[in-house]
Amino acid sequence: MNSPQNASSKPKLVPNLSLKERNTFGFEASTELAYEITSAEQIPVLMREVLHQKLSWRVLGGGSNVILPKLLPGVTLLMNITGQEIISSDDSSVLLAAGGGVNWHEFVTWTLDQNLPGLENLALIPGTVGAAPIQNIGAYGVEIGEYIESVEAFDAINQTFTAFTKEQCQFAYRDSHFKRNSNRFIVTRVIFRIPKQWMARIHYADFLKEFSGDSSPSPEEIFLAVCKIRTHKLPDPKVIGNAGSFFQNPIVPAEQFETLIHKFPELVSYPNAAGKRKLAAGWLIDQCGFKGQRMGNVGVYENQALVLVNYGNGTAQDILGLAKCIQDKVDDLFGVKLDIEPNIL
Ligand code: EPU
């Protein structure tokens with residue numbers, strides 16, 4: 001999209017770019033200015049200019065975890081740094097690197113093609129490699145933080161590149177140092193450490209049906225099972241706009257959990273750190289009767305109450321209106337607060 005330029009010339013920002021095709025909700029949205037990043041070297045000059053012009057800015061990867069307004073002021077950086085490689089290998093593990101703009105699912109597929117299993121539970125998660133550490137993507141008992149060696153990012157405050165170790169990334173459930181400091185870091189490259197010793201991780205309930213009787217499926221079989229489960233539960237954004245799980249699974253203190261389980265013995269929950277419990281937000285929303293409900297142009301997906309969908313002409317306002325109804329009802333019935341997962345830009 002950008003015209004070619006060398007790293008030191010003034011970056012050419014593209015005016016009035018539609019982002020409808022670049023957000024999986026499919027909202028009608030555009031950005032005042034856009035700039036496609038295809039290499040890390042472009043960033044320092046670009047960000048100097050952004051600061052100089054006092055432009056607001058944000059990075060857009062796959063657009064799979066964002067709620068876009070009709071018009072984004074300032075500049076939207078379209079992350080498109082590609083490329084993946086094996087960096088090194090020792091007795092116990094292999095180090096891999098991938099650019100921030102690499103499609104996540106294609107990266108997972110590539111690791112399996114290289115005979116490096118480990119990420120198969122995370123197949124078919126929409127988005128990019130660069131976005132993966134920001135919200136510490138997770139599915140079917142695996143979180144990406146476990147496999148990250150380091151994350152390379154440009155720090156817009158210090159105007160320098162920094163490599164963050166796994167510890168410095170401060171990964172938590174759908175959370176990281178990068179997410180807690182939004183609009184500070186531009187993730188350019190992620191380094192993964194894949195252990196050579198592989199073990200199937202299939203304790204997640206959904207796998208029981210898929211592998212009935214087979215306790216040692218291959219990585220490829222797990223990959224296919226994950227694709228099958230996700231395709232059934234989560235709508236294809238190309239067909240119905242959505243951003244995956246719309247709410248985080250809420251984490252409640254042990255005492256609150258005890259009160260809830262006493263009142264609602266069917267409550268679905270998982271153990272969490274420090275005696276807390278993580279509740280299945282999908283179950284809570286389902287119990288409130290929202291599953292399959294439609295509100296104008298938006299609604300709650302019929303196969304998974306945690307997913308809000310855009311039937312075509314919905315807007316950020318519509319989806320946030322529906323979200324508010326759900327949050328209020330869940331709070332009324334269970335006394336539990338639901339947090340929205342995608343970034344509201
Ligand atoms: N449930 C219902 N009704 C529903 C949906 C769920 O009763 O409509 C109950 C079911 O009993 C189910 C339980 O809730 O067993 C949990 O649901 P599910 O297994 O579908 O997983 P989830 O908690 O809804 C989380 C992640 C997903 C991830 C899956 C699989 C969050 C917010 N969501 O969903 O991540 O794919 O587990 O590991 O943590 C995403 O973040 O975008 C995402 C899709």
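The residues of the chain are indexed from 1 along the displayed sequence. Ligands are counted one by one from 1 in listed order, and the atoms in each one are counted from 1 as well.
Every atom of ligand 1 with a heavy atom of K291 under 4.0 Å away is listed here by number and element: 3 (N), 4 (C), 8 (O). The ligand atoms of ligand 1 that sit less than 4.0 angstrom from a heavy atom of Y173 are 31 (C), 32 (C), 39 (O). Which parts of ligand 1 touch K233 is read off a 4.0 Å heavy-atom cut-off, strictly below it: atoms 18 (P), 19 (O), 20 (O).
At distances below 3.5 Å, not a single donor-acceptor pair connects side-chain atoms of K70 with backbone N or O atoms of E28.
Between D175 and R180 there is a salt bridge, since a side-chain N of the basic residue sits under 4.0 Å from a carboxylate O of the acidic one.
Cluster partners of I240 are L234, V239, Y301, V307, V309, Y311, counting Ile, Leu, Val, Met, Phe, Trp and Tyr whose side-chain heavy atoms approach within less than 4.5 Å, directly or via other members.
Distances from atom 41 (O) of ligand 1 to the heavy atoms of R174, E302, Q304 put R174 nearest. If you check each of Y140, F247, W283 against atom 7 (O) of ligand 1, the one with the closest non-hydrogen atom is W283. Nearest residue to atom 23 (O) of ligand 1 from V142, N249, N136 is N249 (criterion: closest heavy atom). When the heavy-atom distances from atom 36 (O) of ligand 1 to K278, R230, E341 are ranked, the shortest goes to R230. When S245, A281, S269 are ranked by how near their heavy atoms come to atom 33 (N) of ligand 1, first place goes to S245. Looking at Y204, F290, F246, Y301 and measuring to atom 19 (O) of ligand 1, the nearest heavy atom belongs to Y204.
Both the backbone and the side chain of A305 come within 4.0 Å of ligand 1, counting heavy atoms alone. Here Y270 has side-chain heavy atoms under 4.0 Å from ligand 1, and that is the only part of it that gets that close.
For N183, the side chain to side chain donor-acceptor pair (under 3.5 Å) criterion is met by no residue, not counting sequence neighbours.
For atom 14 (O) of ligand 1, the closest heavy atom belonging to the protein is A280 CB, 3.3 Å. Distance from atom 11 (O) of ligand 1 to its nearest protein heavy atom, with residue and atom name: V268 CG2, 3.5 Å. In terms of protein heavy-atom proximity, atom 22 (P) of ligand 1 is closest to L306 CD2, 3.9 Å.
Less than 4.0 angstrom separates atom 44 (C) of ligand 1 from at least one non-hydrogen atom of the protein.
Defined by atom type and a distance below 3.5 Å, a donor-acceptor pair is present between the side-chain atoms of N136 and E143.
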